[in-house]
2 protein chains.
Amino acid sequence: MSRTSYLDVKAVILGRIRSGELAPGDTVPGEAALAGEFGCARVTVNRALRELAGAGVVERRRRAGTRVLDPTPRDAAVEVPSVRAEIEATGAEYRYELLARRIAVPPRQVRAALGLGPRARALHLRCRHWAGASVHQIEERWINLDVVPAARKVDFAATGPNDWLIRAMPLSRVEHVFSAANANAAEAELLGLAPGAAVFVVERRTWIDGRAITRARLVHPGATHRLVARTQSPL
Amino acid sequence: MSRTSYLDVKAVILGRIRSGELAPGDTVPGEAALAGEFGCARVTVNRALRELAGAGVVERRRRAGTRVLDPTPRDAAVEVPSVRAEIEATGAEYRYELLARRIAVPPRQVRAALGLGPRARALHLRCRHWAGASVHQIEERWINLDVVPAARKVDFAATGPNDWLIRAMPLSRVEHVFSAANANAAEAELLGLAPGAAVFVVERRTWIDGRAITRARLVHPGATHRLVARTQSPL
DNA sequence: TGACGGAATATGTGCATACATATTACCCAT
DNA sequence: ATGGGTAATATGTATGCACATATTCCGTCA
């Protein structure tokens, strides 16, 4: 007979919630009570409940106790892979192409996004990523040279800006905004699509220590691009 | 002088990784060594490192020790809100409309998604969700009546199927697929858009205990719909 | 009646210790 | 050399204990 593990406690509590014995809003018995019931130490129960709280199943407050939360689906985890990995995973050959590189004053919207003044200049890149013979993504990127001065000396001919930035900067915050749009003439041309074709747009912004590093607009053919998010409820 | 907390240990290790003192691939000193250095118990170090591993900062293997991982951006968390909450958050009035309800044999693709046999019937719903005077989403949904027989008796006139399902079923797994498409004639009509306008499509599937409950195709006007994902690096 | 303060209580966390378990390293026999 | 068994080792986890801390409850006093 082995000792009761925190995993056992976790599983039993979760079972009671699943079966309805413990309904949303109910108070879970205290750690001491459960420790008595399971014949284990209070710390063991503590760990089980702490992990359930981390998984969003219950909510814990001192003195008030542990309550079962509404089974609102947790945030879904989206894997936002690097372009290269995404393409090579399908077996297609990945090819990167730098279309333009210049230092210029960004449009007002980008300046706002990067927290730049009205006359500040930034590095602008336009790239194209191929999956075999078809375009996978076109990338319109602005890099804040105040934060990443090293980028000024990189030509980005061989390495995509995203791969380079990931290596160069320990980015602390990333935001992705997903949307759908009709391709304008320029985008359609670069993607090899008819004007007006649906495109899947990802706008990515990254920060380090609260300072905006870069803003990228990534445009994909809508017909083929898919983004998958999975939510796994605990056990 | 208070005792060293696992939070202190966590912060210091994270600082060493940030500063480069511990680079990706490096082996973090063993728990015993760190416990000695910090003058705390090994269990305290253990908890700090365990949480860092949970956050994806380090990788732990018995006997092999703890290694610093590549700072690959973690999975981004997408908040997939309930339609009602999403709309009411903007201040607009939410209205739900049931357009069709029938029990029928689903198309082959849906049967496959729900794991149904060639002649199995399922509940089909078509709904429209309004945000004030504009259409926010049209919903095409199939519900597996083998798994949710109770849905047969629900008319879904007042409550949307998603709200009802969340309440009725303790779903264990959710999958969302995001994509962009051009609206076909029927969709454009229902959304009040021109045919061919870009739409943001979410396909949602949910399971309970490995059995598929429902499959929904949610279509939004591309011009207005946005989905935001944030990744927060640990402290 | 209502404001305030202290007691009661549930969770939060640290420590020393002991044992479990996975995995590597090494040594020995063939 | 080589294959396999075994010891060494780092992490994993359970326990009893002690104290910390947040929050609620309740009684007291104005």
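In what follows, chains are A, B, ... by sequence order, proteins preceding strands, each numbered from 1.
- A straight line from CZ of R50(B) to P of dT13(D) spans 7 Å, rounded to a whole angstrom.
- The CD-C1' distance, from E59(A) to dA10(C), rounds to 14 Å in whole Å.
- In the helix from dT1(C)-dA30(D) to dT30(C)-dA1(D), the end axes, each obtained as the rotation axis mapping the C1' atoms of four pairs onto the next four within a five-pair block, lie 10° apart to the nearest 10 degrees.
- Other residues, nucleotides and ligands contribute over 12 non-hydrogen atoms within 6.0 Å of the CZ atom of R226(A).
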| Pair R60(A)-E31(A), salt bridge (charged side-chain N to carboxylate O under 4.0 Å, His left out): steps then yes or no | CA-CA 11 Å; R60(A) 317 198 71 195; E31(A) 296 187 352; 2.7 Å; yes
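- With a 6.0 Å radius and a threshold of 12 heavy atoms from other residues, nucleotides or ligands, R50(A) has its CZ atom above the threshold.
- Rounded to the nearest 0.5 angstrom, R217(A) CZ and Q137(A) CD are separated by 11.5 Å.
- Contacts of H129(B) classified as ring pair (Phe, Tyr, Trp, His ring centres under 6.0 Å), with partners at least two apart in sequence or in another chain: Y94(B), Y96(B).
- Annotation: side chain of V68(A) is not in contact with side chain of T27(A) (no heavy-atom distance under 4.5 Å).
- For W164(A), the ring pair (Phe, Tyr, Trp, His ring centres under 6.0 Å) partners are F156(A), not counting sequence neighbours.
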| message | Using side-chain hydrogen bond (donor to acceptor under 3.5 Å, both in side chains), reason through T214(A) and R141(A) one step at a time and then give a plain yes or no. | response | CA-CA 7 Å; T214(A) 179; R141(A) 182 181 291 269; 3.1 Å; yes
Listed pairs, N/O of protein and of nucleotides 7-9 of chain C, under 3.5 Å:
unit_1 : atom_1 : unit_2 : atom_2 : d
dT9(C) : O4'    : R63(A) : NH1    : 2.4

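- Each of dC15(C), dA14(D), dG12(C) was ranked by its minimum atom distance to the side chain of Y6(A); first place goes to dA14(D).
- L116(A) CG to N144(A) CG: the interatomic distance, rounded to the nearest 0.5 Å, is 4.5 Å.
- Note: CZ (R60(B)) to C1' (dA22(C)) measures 13 Å, nearest angstrom.
- Residues F38(A) and V12(A) form a side-chain contact, since some pair of their non-hydrogen atoms from C-beta on lies under 4.5 Å apart.
- For the pair E59(A) and T66(A), the minimum side-chain heavy-atom distance is 4.5 Å or more.
- Under a cutoff of 6.0 Å and an axis angle of 45°, R215(B) and W142(B) do not form a cation-pi pair.
- For DNA chain D, none of the residues of residues 22-37 of chain A falls under the heavy-atom distance limit of 4.0 Å.
- Per the geometry, CG belonging to L49(A) stands 7 Å off P belonging to dT11(C), to the nearest Å.
- Side-chain contact check for R204(A) and N162(A): at least one donor-acceptor pair (N or O, by modelled atom type) lies under 3.5 Å.
- To the nearest angstrom, C1' of dT13(D) lies 7 Å from CZ of R47(A).
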| remark: Readout for nucleotides 16-21 of chain D: B = base within 4.0 Å of protein heavy atom, S = sugar-phosphate only, - = neither; 5' to 3' it is BBB--B
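- Distances shown here put every side-chain N or O of R61(B) at or beyond 4.0 Å from the OP1 or OP2 atom of dA22(C).
- Atom CG in D8(A) sits about 16 Å away from atom C1' in dT15(D), given to the nearest Å.
- Taking only side-chain atoms of S5(A), from C-beta outward, the nucleotide of dT11(C), dC15(C), dA14(D) with the closest atom is dA14(D).
- Atom pair N46(B):CG and dC19(C):C1' shows a separation of 15 Å (rounding to whole Å applied).
- Side-chain nitrogen and oxygen atoms of T66(A) include none within less than 4.0 Å of the OP1 or OP2 phosphate oxygen of dA10(C).
- Enclosure of atom CZ in R16(B) by more than 12 non-hydrogen atoms of other residues, nucleotides or ligands within 6.0 angstrom is indicated.
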